Amino acid sequence: MFGFFNIQSAIINLTMKKSDTVVIEGGKKLTGTIKVRGAKNAVTKIMVAALLSEQPSTIANVPDIEDVRVVSEMIREVGGEVKETSDGVIVITPAELHQPDTNALHKIAGTSRIPILFAGPLLHRLCEAHLPTLGGCEIGPRPVDFHLQSLKSMGAEVEESEKALVIKANKLGGAKIELSYPSVGATEQVLLSSVLAKGVTELRNAAVEPEIIDLICVLQKMGAIIEVGTNRIITIQGVDTLHGFDHKVLTDRIEVASWACVAAVTDGKIFVHGAQQEPMMTFLNTFRRVGGEFAVRGGGIEFWRGRPLTSITLETDVHPGFMTDWQQPFVVLLTQAEGSSTIHETVYEDRFSFTNALNKMGAKIQLYQDCLGGTHCRFENRNHLHSAIINGPTSLHGAEIQVPDLRAGFSYVVAALVAKGKTTIHGIKTIERGYEKFEEKLRAIGTVIISE
Ligand code: EPU
């Protein structure tokens, strides 16, 4: 009964063309059903976890996105095999591993943050990990000091050069580690490195995002012993070996929120099949506060605009706070809300520069270095434009814009959908890193995409 899309209304005006540019004609109410699959930020780490065992592992609900292709390439580069056995199901067989060619890995990795997470599995399997230095979206400096410090605490030696990292340890040992900020990546690093370490590791101030809990579920299926305590304390009892697993990845809550914003901003109605309520609770509350409405039913969540949109004061934060990756499409939503909204970005110091292009489209967004909204964050008095005031409602108009990073890129799509006239967005391959078949999904809910 359920095909990939269940189209209720579609005005499709396009010819298929694969280019790095999309031209969208805005102003349509978008209505229909969209299916969202597994979370980019969970599946990629779960793929790395598979390398901790020599046995095959099966991962289901895998989205067809660029980042999954990149991590598959990386796994092949270290000797693992990745095969798609049916739609959205992959089997990873990591029977024999070897060091990657770091130049090759560097090229493949491009903008990815994942290579650093290969450290734990490669150390356990080969006692050495040769890794490239990291890329990642241009949203701030994004250092890896917490990762390297944690590995050193567990007994690893780290040699850093401009292009590569060489990490060595005959056997990692359990350690007491406290993160100065609950970093998602560093928490994953500790989990992937400590499950096979000798002894107990206690991680304090850990991140507890749903994607991390999903990774912990996978590690537990593999034979690991991990306690998630109160107050962000995770305790890992090292074991001698791990085995393969079979896991269905949790739904991508960033993509779900993006489609919710599309529904509200265009005054349409979108049923997101696969959307899960619990990991979305904070978003759902915030969405409702500004006038969005939703119904949880039949394997997903339906989103629409329940009343005229109104302004809000908001802060991004680690889980269970409002995700930094929900911020960008939400900013576009707030350009359509009555009043002045304030957003204080507390996770990344430089995640508002994308708003310049929105202002070019007619939005009224001012950026501030101050911690607006109540909380003092670690970016206070450090000259970072990390607060925004969005005055609305503003009538957006089409423009020619370039995607700077993944989430900003999708927010430009949201802006284009509500703008009068045509918006030309260049650099959509960056959006394809994390949004599966987004052009197809847009067309299926009635978007007019004009071929160039
Ligand atoms: N940080 C450090 N040192 C470190 C690690 C992090 O200072 O060693 C800082 C970062 O600079 C940042 C903050 O800590 O200011 C949080 O970074 P975190 O480590 O939590 O982020 P990440 O693991 O690099 C993941 C997601 C991001 C998401 C963040 C926060 C992946 C591949 N990426 O990044 O997702 O924004 O957690 O939830 O999981 C995206 O999907 O577009 C994206 C950027």
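Everything numeric here is computed off the predicted structure, so don't read it as measured data. As a basis for the values below, the full set of heavy atoms in this structure was taken, side chains included, without hydrogen atoms, waters or symmetry mates.
Counting heavy atoms of neighbouring residues, nucleotides and ligands inside a 6.0 Å radius, atom CD of Glu380 exceeds 12 of them. Within 6.0 Å of the NZ atom in Lys83, the count of heavy atoms belonging to other residues, nucleotides or ligands does not exceed 12. In Asn285, the CG atom is crowded: over 12 heavy atoms of neighbouring residues, nucleotides or ligands sit closer than 6.0 Å. The environment of Gln402 atom CD is dense: over 12 non-hydrogen atoms of other residues, nucleotides or ligands sit within 6.0 angstrom. The number of heavy-atom neighbours closer than 6.0 Å to NZ of Lys248, taken from other residues, nucleotides and ligands shown, is 12 or below. Environment of CD in Glu227: sparse, with no more than 12 heavy atoms of neighbouring residues, nucleotides or ligands closer than 6.0 Å.
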side-chain hydrogen bond (donor to acceptor under 3.5 Å, both in side chains) between Ser150 and Gln189: does it pass, once the steps are laid out? CA-CA 8 Å; Ser150 302; Gln189 180 71 263; over 6 Å; no
Stepwise side-chain contact (heavy atoms from CB on, under 4.5 Å) check, Glu345 with His384: CA-CA 10 Å; Glu345 168 64 58; His384 298 300; over 6 Å; no
Worked check of side-chain contact (heavy atoms from CB on, under 4.5 Å) between Thr201 and Met154: CA-CA 9 Å; Thr201 297; Met154 300 177 76; 3.9 Å; yes
Can you check side-chain contact (heavy atoms from CB on, under 4.5 Å) on Val70 and Ile114, steps first, answer last? CA-CA 9 Å; Val70 165; Ile114 307 299; over 6 Å; no
Please determine whether side-chain contact (heavy atoms from CB on, under 4.5 Å) holds for the pair Asp240 and Lys198, giving the CA-CA distance in whole Å, both sets of side-chain angles, and the decisive distance to 0.1 Å. CA-CA 8 Å; Asp240 290 338; Lys198 189 171 166 44; over 6 Å; no
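Under the 3.5 Å distance criterion, the side-chain polar atoms of Ser387 are left unmatched by any main-chain donor or acceptor of Gln369. Counting only distance, with no hydrogens or angles, the side chain of Thr282 and the backbone of Pro320 share a donor-acceptor pair below 3.5 Å. Here the side chain of Lys45 pairs a donor or acceptor atom with the backbone of Asn41 at under 3.5 angstrom. Between the side chain of Ser53 and the backbone N or O of Ala50, no donor-acceptor pair lies under 3.5 Å. Although no hydrogens or angles enter the test, the distance criterion places no donor-acceptor pair under 3.5 Å between the side chain of Glu209 and the main chain of Ile212. Side-chain N or O atoms of His147 include none that pairs as donor or acceptor with a backbone N or O of Asp145 at under 3.5 Å. Judged by distance alone, with hydrogens and angles left aside, the side-chain atoms of Gln99 form a donor-acceptor pair with the main-chain N or O of His130 at under 3.5 Å. Thr316 places a side-chain N or O within 3.5 Å of a backbone atom of Thr346 that can act as its donor or acceptor partner. In this structure a side-chain-to-backbone donor-acceptor pair under 3.5 Å is present from Arg232 to Ala206. In terms of modelled atom types and a separation under 3.5 Å, the side chain of Asp20 and the main chain of Ile428 share a donor-acceptor contact.
By the side-chain contact (heavy atoms from CB on, under 4.5 Å) test, Asn391 is found to be paired with Ser340, Lys364, Gln366, Ile389, residues two or more places apart in sequence or in another chain being considered.
Using a 4.0 Å cut-off between charged nitrogen and carboxylate oxygen, Lys176 and Glu202 count as a salt-bridge pair. Ion pairing between Lys168 and Glu159 holds under the 4.0 Å rule for side-chain N and carboxylate O. Salt-bridge annotation for Arg37 and Asp87: present, with a side-chain N of the basic residue lying under 4.0 Å from a carboxylate O of the acidic one. Asp325 has a carboxylate O that lies under 4.0 Å from a charged side-chain N of Arg351, or vice versa, which qualifies the two as a salt bridge. A salt bridge is absent between Glu73 and Arg69; no separation between the charged side-chain nitrogens and carboxylate oxygens falls under 4.0 Å. Salt bridge annotation for Lys429-Glu66: absent, with no cationic side-chain nitrogen under 4.0 angstrom from a carboxylate oxygen. For the pair Arg253 and Glu211, the salt-bridge criterion is met [side-chain N within less than 4.0 Å of a carboxylate O].
For Thr251 against Gly274, the heavy-atom pair with the smallest separation is OG1-O, 2.6 Å. Gly80 and Leu97 get closest at one heavy-atom pair: N-CD2, 4.0 Å. Minimum interatomic distance between Ala49 and Val218 (heavy atoms only, all atoms of both residues): CB-CG1, 4.4 Å. Closest approach of Pro94 and Leu51 over heavy atoms only: CB-CD2, 3.7 Å. Ala415 approaches Leu358 most closely through the heavy-atom pair CB-CD2, 3.6 Å. Taking all atoms of both residues into account, the shortest heavy-atom contact from Thr423 to Ala416 is CB-CB, 3.6 Å.
With rounding to the nearest 0.5 Å, the separation of CD1 in Ile116 from CG in Leu192 is 11.5 Å. The structure places CG of Leu203 at 6.0 Å from CD1 of Ile177, a figure rounded to the nearest 0.5 Å. Taking CZ of Phe146 as the reference point, atom OG of Ser153 lies at 12.5 Å (rounded to 0.5 Å). For the atom pair CD1 of Ile365 and OG1 of Thr355, the computed distance is 5.0 Å after rounding to the nearest 0.5 Å. Once rounded to the nearest 0.5 Å, the distance linking CG of Leu442 with NZ of Lys437 reads 14.0 Å. In this structure, Ile270 CD1 and Ile445 CD1 are separated by 3.5 Å, a value rounded to the nearest 0.5 Å.
For the pair Phe245 and Ile59, the minimum side-chain heavy-atom distance is below 4.5 Å. Looking at Asp252 and Val43, their side chains never come closer than 4.5 Å, going by heavy atoms from C-beta outward. Within the 4.5 Å cutoff, no side-chain heavy atoms of Val414 are placed close to those of Val418. In this structure the side chain of Ile234 reaches within 4.5 angstrom of the side chain of Ile236, judged on heavy atoms. For the pair Asp405/Gln328, no side-chain contact is recorded, criterion being any heavy-atom separation below 4.5 Å from C-beta on. By the 4.5 Å heavy-atom criterion applied to side chains, Glu160 and Leu148 are counted as neighbours. Proximity of Val190 to Thr187: side-chain heavy atoms (C-beta onward) are nowhere separated by under 4.5 Å. In this structure, Ser57 and Ile90 have side chains that are not in contact, with every pair of non-hydrogen atoms separated by 4.5 Å or more.
Residue Trp259 forms a ring pair (Phe, Tyr, Trp, His ring centres under 6.0 Å) with just one option from Phe271, Phe410, Phe303, Phe294, and that option is Phe410.
Using a 30° and 60° split on the angle between ring planes, Phe287 and Phe283 fall in the parallel class, below 30°. Relative ring orientation between Phe354 and Tyr412 is described as tilted, the plane-to-plane angle lying within the 30° to 60° band.
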